[in-house]
Amino acid sequence: MNPLSHAIRAGALTLSIPLFAAALPAQMATAPSARPGDSMLAQTGPGYADLADLVLSAPVIADATIRSATAIKGAEAAGVAPGHQRFYIEADIGTLIRGAGGLPARVGYLFDAATDARGRAPKLKKMRVLIYARRVPNAADQLQLVAPDAQLPWTPDTEQRSRTIVRDALSTDAPPVITGVGNAFYVPGSLPGEGETQIFLTTANNRPVSLSVLRRPGEERRYAVALSEIVDESAAPPARDTLLWYRLACALPESLPDRSTASLGPENAQAAREDYRFILQKLGPCGRERQMPTVSD
């Protein structure tokens, strides 16, 4: 059996894992200086939500240089999306950004590259890339990308943003995964137009997260996010393109569920729904453009 067939049979077929998978211990390496000829662009690569999808799904993230790219055809290229070509990649690992236990100096994996209008794939050999992957059991030198195209051109910006997301996700106070919306309450104030809404969210690890909106006459509504049982003056809206913003903007439903306001009177329920829409407006769209990684064979 030739080495390529052996690698594929070992389990190197592209496979994705759930976005909500628990964070694994990570090896955080110091950011390397740019190599000669590397592009120094200020803002490159996918948007925050798409990059976070990849980072949070990947137990292994590495800066690598492609040594060889062999086109895969026939049965072993089954399931490739239209406009893509599957390759078996051998790459030399430069820096391990995330991955307990380290990696061999050279690894192999399958990658589905987008083709141009003429059906031609890009030249991959010698390309510096970032790979977002998981390990293949019983094959130390083989990886599985968390999505068929979870290989990105390396740029300083994409690497640094990936590192930031890893750091934020592994911190002790990382915002939890949002799984739904719980009860909502609205309490009118003593003055016309005054009131406060509080909306409790459900999370994967049962950590408390709540949203609050404060209305005061003659002032614009203000909202805040609390990551504890108590909402105090330190609660504030999340900055855009942060992990907390991503958890909310990409997980909250488009409208407040009816069950969340079941205990409220009609007027108070309407106020809570309005304040929920206000929060979504302030958060802005998630902006996801890639297909989120999911479990597949």
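This one's a predicted model, so the numbers in the text were calculated from it and none came from an experiment. For the numbers below, each heavy atom of this structure counts, side chains included, while hydrogens, waters and symmetry mates do not.
- L143 and R135 get closest at one heavy-atom pair: CD2-CA, 4.1 Å.
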| query | Would I61 and I131 satisfy side chain to side chain contact (heavy atoms under 4.5 Å, CB included), going step by step from the backbone distance to the final call? | reply | CA-CA 6 Å; I61 304 173; I131 54 176; over 6 Å; no
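- R86 and D112 make their closest contact through NE-OD1, 2.8 Å (heavy atoms, listed as atom of the first residue, atom of the second, distance).
- Once rounded to the nearest 0.5 Å, the distance linking OH of Y246 with CG of D50 reads 9.0 Å.
- Checking side-chain atoms of T202 against main-chain N and O of G180 turns up a donor-acceptor pair under 3.5 Å.
- Interatomic distance, Y88 OH to T70 OG1, rounded to the nearest 0.5 Å: 8.5 Å.
- Cluster annotation: V209 and L214 are assigned to distinct hydrophobic clusters (Ile/Leu/Val/Met/Phe/Trp/Tyr, side-chain heavy-atom contacts under 4.5 Å, transitive).
- Linking ILVMFWY side-chain heavy atoms closer than 4.5 Å, directly or via other members, places I279 and V187 in two distinct hydrophobic clusters.
- Shown here for A239 and W245, the closest heavy-atom pair between the two residues is O-CB, 3.2 Å.
- Separating the CZ atom in R273 from the CD1 atom in I199 is a distance of 11.0 Å, to the nearest 0.5 Å.
- The line from OG of S255 to CG of L280 is 8.5 Å long, rounded to the nearest 0.5 Å.
- Looking at T179 and T203, their side chains never bring a donor and an acceptor atom within 3.5 Å of each other.
- Crowding of E220 atom CD: a count of heavy atoms from other residues, nucleotides or ligands under 6.0 Å not exceeding 12.
- The same ILVMFWY cluster, assembled from side-chain heavy atoms under 4.5 Å apart, contains both V55 and L244.
- Judged by distance alone, with hydrogens and angles left aside, the side-chain atoms of R134 form no donor-acceptor pair with the main-chain N or O of S57 at under 3.5 Å.
- The NZ atom of K282 lies 8.5 Å from the OH atom of Y223; values are rounded to the nearest 0.5 Å.
- Interatomic distance, F87 CZ to I66 CD1, rounded to the nearest 0.5 Å: 9.5 Å.
- R161 places a side-chain N or O within 3.5 Å of a backbone atom of P46 that can act as its donor or acceptor partner.
- In summary, of the residues considered (T197, L211, L256), a side-chain contact (heavy atoms from CB on, under 4.5 Å) with D275 occurs for T197 alone.
- One finds no salt bridge joining D141 and R106 here, because no Lys/Arg side-chain nitrogen approaches an Asp/Glu carboxylate oxygen to under 4.0 Å.
- Between P253 and Y276 the shortest heavy-atom distance is O-OH, 2.7 Å.
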| request: Verify side chain to side chain contact (heavy atoms under 4.5 Å, CB included) between S212 and E196, making sure each step is shown before the conclusion. | output: CA-CA 7 Å; S212 61; E196 183 175 0; 4.2 Å; yes
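- Using modelled atom types, no side-chain atom of S260 and backbone atom of A184 make a donor-acceptor pair closer than 3.5 Å.
- Judged by distance alone, the side chain of Q144 and the main-chain N or O of L110 form no donor-acceptor pair under 3.5 Å.
- A 6.0 Å sphere centred on CZ of R67 holds no more than 12 heavy atoms belonging to other residues, nucleotides or ligands.
- Residues V177 and F200 fall into different hydrophobic clusters, defined by Ile, Leu, Val, Met, Phe, Trp and Tyr side chains chained together at heavy-atom separations under 4.5 Å.
- For Y109 and Q151, the side-chain atoms include at least one donor-acceptor pair closer than 3.5 Å.
- Smallest separation of non-hydrogen atoms from L96 and R98: CD1-O, 3.3 Å.
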| task | Output, in order, the C-alpha distance, side-chain angles, deciding distance and verdict of side chain to side chain contact (heavy atoms under 4.5 Å, CB included) for D53 and R290. | result | CA-CA 9 Å; D53 286 347; R290 299 168 54 94; 5.9 Å; no
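- Hydrophobic clustering (ILVMFWY, side-chain heavy atoms < 4.5 Å, transitive): Y186 and V225 are in distinct clusters.
- Distance alone, capped at 3.5 Å, places no donor-acceptor pair between the Q270 side chain and the P266 backbone.
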| request: With side chain to side chain contact (heavy atoms under 4.5 Å, CB included) as the test, would you mind laying out the steps for R120 and T115 before giving the verdict? | output: CA-CA 5 Å; R120 296 178 300 188; T115 56; 5.8 Å; no
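- Between the T155 side chain and the T158 main chain, a donor and an acceptor come within less than 3.5 Å of each other.
- For CG of D116, the number of neighbouring non-hydrogen atoms (other residues, nucleotides, ligands) closer than 6.0 Å is greater than 12.
- Of the possible polar contacts, one joining the T164 side chain to the Q160 backbone as a donor-acceptor pair under 3.5 Å is found.
- Minimum heavy-atom separation, T242 to Y48: C-OH, 3.2 Å.
- The closest side-chain heavy-atom distance from Q198 to N183 is not below 4.5 Å.
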